[in-house]
Amino acid sequence: MKWWRDAVIYQVYPRSFADSDGDGIGDLPGVVSRLDHLAELGVDAVWLSPFYPSPQADAGYDVADYRDVDPIFGRLADADKLITEAHARRLRVIVDLVPNHTSSRHVWFAAALAAAPGSRERDRYIFRDGKADGGPPNSWQSVFGGGAWTQVADGQWYLHLFDTGQPDLNWDNPEVRAEFEDILRFWLDRGVDGFRVDVAHGLVKQADLADWHLPMVPLTGPGTEGAPRPPMWDQDGVHEIYRRWRKILDGYEGERILVAEAWVQPAERLAAYVRPDEMHQAFNFEYLEASWTAADQRSVIERSLAAGAAVDAPTTWVLSNHDVVRHASRLALPVGAPRPNGIAAGDPQPDAALGLRRARAASLLMLALPGSAYVYQGEELGLPEHTTLPNEARQDPTWFRTGGESVGRDGCRVPIPWEADAPSYGFGPSDKSWLPQPPVFGELALDRQRGVPGSTYELYRSALRLRREHGLGYGALSWVPGAADVVAFQTDNLLVLTNFGPNPAELPAGAEVLLASEPVAGREVPTDVTVWARLP
Ligand code: NOJ
């Protein structure tokens, strides 16, 4: 059974999900204690962001040991328990694999620093001599800001596409390849159902490490179509790695999966990652970046479905994750404006009511589309971005590396509110929370929404139940022609309609509304509303 083709996969960001010991940082026992919530919500699988030993220079995406659990999150036995308890609730478990870089505290990197230039130890990473003028080997910049090279005591430089604490591995080195194949087996043997592969488009670099003077992340988004491919991203050599990994996964029972985090476009290049002998899914970031207009939404849906179909892979859909402004805030920003890297207190503040209204409409549209959908923790509560975090609280390396120019991603990582009247809104047993929670989290806490008709939580629950009943994740959709600012499609006798325009859109006579993102009177669908309706 190819469970992943239509799966709804819920992203748990462990440090912000649930804190069992009151230290203000979420942990694996905390996740276990809330698995019933995920089962009740009705998702099929959980993807956990990294929980491995790490100095936390990039919130765990700097891994010091790939085969253990960081003490702040628990112990290896807690990971085992989580897998067992999730499976007991028919939830699959996907873990994060970070193969582009290790932490600078990984034993391999310590050995590389202790060894001489040209040594076997240095060859596991990308060490180079500087330029004759004393500068770094090339012009590459870090995705988080600042240079992508750091000089070590003997004068050589090492590459880090992200933070200084995240040295890039050398994937031309067979030892690196063998190590990661073994790491895959380690977690497969413990029962995980798959891996979300971090920076899947970055492992192989163009051999000459040619200079690059354009921005480091021009890969997706409006206006980047046809742009030259940077020498550090989406090199053809990555595919051979994933073919090997696929063979390993196929050797295990139960349809284990690989999911690419690859900021690659156009959709056809992304589809190459999910050819039949490579990964199973790739995040559809083009969808996440599409503007809130009927034309853009329709065209990204069409393009995504066509690109997936060409390689017989399901499309994925995603609106939020731990790297982007939450869609309940993002969708209230001026339509067509570039996606900001965080929102600061001094920036124009998004209209919360408009953002939530559009977010509910967007989620209902997404959950009706054929393919696999990703839900980021808290979006089922309609949580907004924390847009007024005090600067002293910030932890994202982006904030530090850009000298405060980009506030970064902390605003979407704030701990989840479970109970309105408890300390830390029920995140943990104490009032500690590694990032402060805004007061609105009280109103949006789970216990204020559970069982309340019309709440965002109940909207998601109903959507997931109906999605399953109607087999919406599978099959094809057919577009229903109509007004230019309406997106409407049909699967069997279920009509899905989102109105992006200023005037009400009309449902066909006899249509019976099953679910709507806002109350609908009669046949009129108001602005920024999605409706699921049964046709006569
Ligand atoms: C993508 C992850 O989602 C992000 O959080 C991280 O900072 C980078 N990859 C680097 O690992």
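We number each residue from 1, following the sequence as shown.
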If the threshold is 4.0 Å, N to carboxylate O, is there a salt bridge linking [X] and [Y]?
X: Glu40; Y: Arg34; answer: no
X: Asp193; Y: Arg256; answer: no
X: Arg177; Y: Asp182; answer: no
X: Asp80; Y: Arg190; answer: yes
X: Asp323; Y: Arg339; answer: no
X: Lys131; Y: Asp211; answer: yes
X: Arg303; Y: Glu286; answer: yes
X: Asp421; Y: Arg448; answer: yes
X: Arg196; Y: Asp198; answer: yes
X: Asp234; Y: Arg269; answer: yes

Rounded distance (nearest 0.5 Å) linking atom [atom1] of [X] with atom [atom2] of [Y]:
X: Asp168; Y: Tyr158; atom1: CG; atom2: OH; result: 10.0 Å
X: Leu369; Y: Thr315; atom1: CG; atom2: OG1; result: 9.0 Å
X: Asn341; Y: Ile343; atom1: CG; atom2: CD1; result: 10.5 Å
X: Gln166; Y: Leu159; atom1: CD; atom2: CG; result: 11.5 Å
X: Tyr13; Y: His322; atom1: OH; atom2: NE2; result: 5.5 Å
X: Trp317; Y: Ile301; atom1: CH2; atom2: CD1; result: 5.5 Å

Between [X] and [Y] (side chain of the first, backbone of the second, donor and acceptor by atom type, cut-off under 3.5 Å), is there such a pair?
X: Thr388; Y: Ala345; answer: no
X: Glu419; Y: Leu446; answer: no
X: Glu121; Y: Trp108; answer: no
X: Glu289; Y: Tyr287; answer: no
X: Trp187; Y: Asp96; answer: no
X: Tyr374; Y: Asn284; answer: no
X: Asp68; Y: Arg75; answer: no
X: Tyr376; Y: Cys412; answer: yes
X: Gln349; Y: Asp347; answer: yes
X: Ser430; Y: Gly22; answer: yes

Taking every non-hydrogen atom, the tightest pair across [X] and [Y]:
X: Asp58; Y: Arg409; value: OD1-NH2, 3.1 Å
X: Ala271; Y: Ala307; value: CB-O, 3.6 Å
X: Asp23; Y: Ile72; value: OD2-O, 4.4 Å
X: Gly30; Y: Asp27; value: N-OD1, 2.9 Å
X: Val259; Y: Ile257; value: CG2-CD1, 3.8 Å
X: Phe73; Y: Pro50; value: CE1-O, 3.9 Å

Strictly by modelled atom types, are [X] and [Y] linked by a side-chain donor-acceptor pair under 3.5 Å?
X: Glu278; Y: His239; result: yes
X: Ser363; Y: Tyr460; result: yes
X: Tyr125; Y: Thr102; result: yes
X: Ser424; Y: Asp431; result: no
X: His160; Y: Thr150; result: yes
X: Trp263; Y: Glu261; result: yes
X: Asp123; Y: Asn173; result: yes

Are the aromatic ring centres of [X] and [Y] under 6.0 angstrom apart?
X: Trp47; Y: Phe283; value: yes
X: Tyr66; Y: Phe186; value: no
X: Trp418; Y: Phe441; value: no

Pair Tyr457, His37 - check ring pair (Phe, Tyr, Trp, His ring centres under 6.0 Å), show working. CA-CA 11 Å; Tyr457 176 66; His37 164 69; 5.5 Å; yes

Under 6.0 Å from the ring centre and within 45 degrees of the ring axis: does the NZ or CZ of [X] meet both conditions for the six-membered ring of [Y]?
X: Arg128; Y: Trp157; answer: no
X: Arg15; Y: Trp434; answer: yes
X: Arg401; Y: Phe144; answer: no

Could you check whether any side-chain heavy atom of Leu48 comes within less than 4.5 Å of a side-chain heavy atom of Pro14, counting everything from C-beta outward?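 Of all side-chain heavy-atom pairs linking Pro14 with Leu48, at least one is under 4.5 Å.
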
Would you call the rings of [X] and [Y] parallel, tilted or perpendicular if under 30° counts as parallel and over 60° as perpendicular?
X: Phe180; Y: Trp171; result: tilted
X: Tyr273; Y: Tyr242; result: tilted
X: Trp140; Y: Trp149; result: tilted

Would one find more than 12 heavy atoms of other residues, nucleotides or ligands at under 6.0 Å from atom CZ of Arg105? no

Are there over 12 heavy-atom neighbours, none belonging to Arg461, within less than 6.0 Å of that residue's CZ? yes

For Tyr61 and Phe162, run ring pair (Phe, Tyr, Trp, His ring centres under 6.0 Å): C-alpha distance rounded to whole Å, both residues' side-chain angles, the deciding distance at 0.1 Å, then the answer. CA-CA 10 Å; Tyr61 282 94; Phe162 295 90; 9.2 Å; no

Candidate list Leu383, Leu444, Asp19, test side chain to side chain contact (heavy atoms under 4.5 Å, CB included), partner Ile416, passing option: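 That would be Leu383; it is the only one of Leu383, Leu444, Asp19 passing the side chain to side chain contact (heavy atoms under 4.5 Å, CB included) with Ile416.
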
